Trainee: 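Okay, handing you the structure first.
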Amino acid sequence: MITNPFSGRREPLATAPEFRRRFATWRGERPFWAGLFTFAAGLPVLYWPYAHLDLGGIPLALSTTSGAGSLVVGILLLVLGIALWCRPHLRVFAGIATLLLALVSFPVANFGGLFLGVASGLIGGSLACAWMPPAADEPPTPSDCTATAVAVGEGRSGS
């Protein structure tokens, strides 16, 4: 925390336990793992079509004419992963788009980044669609449950 912004000396912004607590709170309010798997799905989809490997003196290139398609799919997966972290209310759209892009990456981007992109994308999209925001922190009171209970034959008017 900065006490005096005009002084030359700064205090540390946060200690490690405070940072971990704040990160855990931030992570709990959004589909963190869905975003991580979605972001991780974009990396192999982007990498493999442009990688030139050398295996024992034999050049191995997986680049094909689908390089532009894998570039688009990979960048969209990266953007959807970041969107899941920054805009959790877009989780259903981002999850469905991730699932579709992961399936499209299989024929377009060298077997979806050699199956790594497809697997990560399907997991991330499924997690994004299944994630629910945390409930409000209001514990239910016992009086609310008992006050609304009505017997089967009775009405509220007492007749």
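Being a predicted model, the structure only gives us computed values, none of them experimental. Heads up: numbering here begins at 1 and tracks the sequence.
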Trainee: Do W26 and W33 share a hydrophobic cluster (ILVMFWY, side-chain heavy atoms under 4.5 Å, transitive)?
Mentor: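 Yes, one cluster joins them.
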Trainee: side-chain contact (heavy atoms from CB on, under 4.5 Å) with L103: which residues, sequence neighbours excluded?
Mentor: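 Applying side-chain contact (heavy atoms from CB on, under 4.5 Å) to L103 gives L122.
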Trainee: Show the nearest heavy-atom pair for residues C129 and I96, with the distance to one decimal.
Mentor: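 That closest heavy-atom pairing would be SG-N, 3.8 Å.
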Trainee: Less than 4.5 Å apart, side chain to side chain, heavy atoms only: is that true for W131 and P88?
Mentor: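 Answer yes - side chains close enough.
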Trainee: Are L99 and F115 linked, directly or through intermediate hydrophobic residues, by side-chain heavy-atom contacts shorter than 4.5 Å (ILVMFWY only)?
Mentor: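 They do share one cluster, since a chain of ILVMFWY contacts under 4.5 Å joins F115 to L99.
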Trainee: For G124 and A34, work out which heavy atoms get closest and say how close.
Mentor: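 Heavy-atom minimum between the residues: O-CB, 3.5 Å.
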Trainee: Could you pull out the closest heavy-atom pair between A40 and S120, with the gap in Å?
Mentor: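 Closest pair (atom of A40, atom of S120, distance): C-CB, 4.3 Å.
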Trainee: Find the distance between CG (L100) and OG (S105) and round it off to the nearest 0.5 Å.
Mentor: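 Spacing of CG (L100) from OG (S105) equals 11.0 Å.
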Trainee: Return the set of residues passing ring-ring contact (aromatic ring centres under 6.0 Å, His included) with F32 (not counting sequence neighbours), or none when no residue passes.
Mentor: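 So F32 forms a ring-ring contact (aromatic ring centres under 6.0 Å, His included) with F23, W85.
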Trainee: Any chance you could pull the hydrophobic cluster mates of L90, using side-chain heavy atoms under 4.5 angstrom and chaining through other members?
Mentor: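 Hydrophobic cluster check, L90: no partners found.
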Trainee: Taking all non-hydrogen atoms of both residues into account, name the closest pair between A109 and S70 and its distance.
Mentor: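 Here A109 and S70 meet closest at CB-CB, 3.3 Å.
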Trainee: Apply side chain to side chain contact (heavy atoms under 4.5 Å, CB included) to the pair E18 and T15, showing each step before the final yes or no.
Mentor: CA-CA 5 Å; E18 181 184 347; T15 60; 3.5 Å; yes
Trainee: Test of understanding: with ring-ring contact (aromatic ring centres under 6.0 Å, His included), list the residues that count as partners of Y47, not counting sequence neighbours.
Mentor: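 Expected list: none.
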Trainee: Nearest 0.5 Å, please: how far is NE2 in H89 from CZ in R30?
Mentor: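 Atom-to-atom, R30:CZ and H89:NE2 are 11.0 Å apart.
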Trainee: Enumerate donor-acceptor pairs with a distance under 3.5 Å from any side-chain N or O in residues 71-81 to protein atoms, sequence neighbours excluded.
Mentor:
none

Trainee: My understanding is that a hydrophobic cluster links ILVMFWY residues whose side chain heavy atoms are under 4.5 Å apart, including indirect links. Using that, what else belongs to the cluster containing M132?
Mentor: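 Under the 4.5 Å side-chain rule, M132 groups with nothing.
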Trainee: Would one find more than 12 heavy atoms of other residues, nucleotides or ligands at under 6.0 Å from atom CZ of R87?
Mentor: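 Check fails, neighbour count at 12 or below.
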Trainee: Calculate, to the nearest 0.5 Å, the distance between atoms OG and CZ belonging to S126 and F37 respectively.
Mentor: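 That separation rounds to 10.5 Å.
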Trainee: Quick check: do L127 and P31 have side-chain heavy atoms less than 4.5 Å from each other?
Mentor: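 The answer is no, as the side chains (C-beta and beyond) never meet within the 4.5 Å cut-off.
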Trainee: Just verifying a value: how many Å separate L84 CG and T98 OG1, rounded to the nearest 0.5 Å?
Mentor: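 The distance works out to 6.0 Å.
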Trainee: Of all heavy-atom pairs between G95 and A128, which one has the smallest distance, and what is that distance?
Mentor: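 Closest heavy-atom pair between G95 and A128: CA-CB, 3.6 Å.
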